[in-house]
Amino acid sequence: MIMTVIYYFFLKIVLFFGIVKSLSQFDFLHKYLLLLSGFYTAAVALLSWIFIFGWQQKQWPSWQVAIAERIGVTPWQSWVGQTFLISSLYFWLMVKFEETSFFWVLLIFGVVVVAY
């Protein structure tokens, strides 16, 4: 099971930093941040369902369950929505601060985003 989780995180890291690299290389993608965030979220949701949630019971933290109950969805759906919001904000900040030194801080912070 531990190898499955390692493989899951490896795929998430490759996907995430692939999108970040394409954002930094191709300027025309700056107009499609929500599309890229949606693509990342859909891919992570699929990966998480295949590798983690589809075949085992996950114990969600109490704060995650509270958020899900407040908005009336399952914890997994709440997590997917939060992933979309966090990735959208991260990609927007990457585009906004692309030419500054804060870009490198954001790049390192991307590991935390992937871990979520």
Side-chain angles (χ1 to χ4, degrees):
M1 184 174 104
I2 191 73
M3 289 305 292
T4 305
V5 173
I6 290 170
Y7 189 61
Y8 165 71
F9 278 112
F10 174 74
L11 288 174
K12 272 180 68 172
I13 288 169
V14 168
L15 174 68
F16 185 79
F17 285 109
I19 292 174
V20 168
K21 182 178 179 185
S22 66
L23 271 174
S24 64
Q25 281 185 342
F26 304 110
D27 290 338
F28 71 90
L29 287 177
H30 293 179
K31 296 183 278 186
Y32 303 106
L33 293 177
L34 287 178
L35 178 69
L36 291 173
S37 298
F39 171 72
Y40 174 74
T41 302
V44 167
L46 179 68
L47 287 174
S48 69
W49 187 259
I50 290 171
F51 287 108
I52 297 173
F53 304 116
W55 55 275
Q56 65 182 358
Q57 292 293 337
K58 167 127 171 73
Q59 294 295 334
W60 293 96
S62 61
W63 62 270
Q64 189 77 16
V65 173
I67 291 172
E69 288 174 353
R70 182 174 293 258
I71 58 177
V73 297
T74 65
W76 184 75
Q77 291 170 334
S78 173
W79 175 78
V80 169
Q82 292 167 14
T83 300
F84 177 76
L85 292 175
I86 290 170
S87 65
S88 297
L89 177 65
Y90 182 83
F91 293 149
W92 178 76
L93 287 172
M94 288 297 287
V95 168
K96 183 165 178 63
F97 295 108
E98 188 173 26
E99 301 296 325
T100 65
S101 59
F102 190 60
F103 174 83
W104 297 104
V105 173
L106 283 171
L107 195 60
I108 293 169
F109 183 68
V111 174
V112 175
V113 173
V114 169
Y116 181 75

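Here the structure is a predicted model, which is why all the values come from computation and not from measurement.
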Could you give the distance from [atom1] ([X]) to [atom2] ([Y]), rounded to the nearest 0.5 Å?
| X | Y | atom1 | atom2 | result |
| --- | --- | --- | --- | --- |
| L85 | S37 | CG | OG | 9.0 Å |
| T41 | I86 | OG1 | CD1 | 9.5 Å |
| F10 | L47 | CZ | CG | 12.0 Å |
| L33 | K96 | CG | NZ | 12.0 Å |
| L36 | S87 | CG | OG | 9.5 Å |

Are more than 12 heavy atoms, taken from residues, nucleotides or ligands other than [X], located less than 6.0 Å from that residue's [atom1] atom?
| X | atom1 | value |
| --- | --- | --- |
| F39 | CZ | no |
| Q25 | CD | yes |
| Y7 | OH | no |

*CA sep, side-chain torsions, deciding dist, call: L29, V95, side-chain contact (heavy atoms from CB on, under 4.5 Å)*: CA-CA 9 Å; L29 287 177; V95 168; over 6 Å; no

How are the rings of [X] and [Y] set to each other: parallel, tilted or perpendicular (split at 30° and 60°)?
| X | Y | value |
| --- | --- | --- |
| F91 | Y40 | perpendicular |
| F28 | F26 | tilted |
| F97 | F102 | perpendicular |

*asked:* Is there a side-chain contact (heavy atoms from CB on, under 4.5 Å) between L107 and W104? Walk through the geometry before answering.
replied: CA-CA 5 Å; L107 195 60; W104 297 104; 3.6 Å; yes

*Taking the side chain as C-beta and beyond, is there a heavy-atom pair between Y90 and V20 under 4.5 Å?*
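Yes - at least one pair of side-chain heavy atoms lies under 4.5 Å apart.
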
*Is any side-chain heavy atom of W79 closer than 4.5 Å to a side-chain heavy atom of S48?*
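A side-chain contact under 4.5 Å exists here.
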
*V80 to A45 - nearest heavy-atom pair and separation*: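 Closest approach of V80 to A45, heavy atoms only: CG2-CB, 4.0 Å.
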
_Testing the basics here: between P75 and Q64, what is the closest heavy-atom pair and its distance to 0.1 Å?_
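The answer is O-NE2, 3.7 Å.
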
*What's the verdict on side-chain contact (heavy atoms from CB on, under 4.5 Å) for M94 and S24, showing C-alpha distance, side-chain angles and the deciding distance?*
CA-CA 8 Å; M94 288 297 287; S24 64; over 6 Å; no

*Can you name the side-chain contact (heavy atoms from CB on, under 4.5 Å) partners of W63, sequence neighbours left out?*
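By the side-chain contact (heavy atoms from CB on, under 4.5 Å) rule, W63 matches P61, I67, Q82, Y116.
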
Is it possible for you to say whether [X] and [Y] belong to one hydrophobic cluster, with membership spreading through side-chain heavy-atom contacts below 4.5 Å?
| X | Y | value |
| --- | --- | --- |
| L34 | L23 | no |
| W76 | F9 | yes |
| I19 | F84 | no |

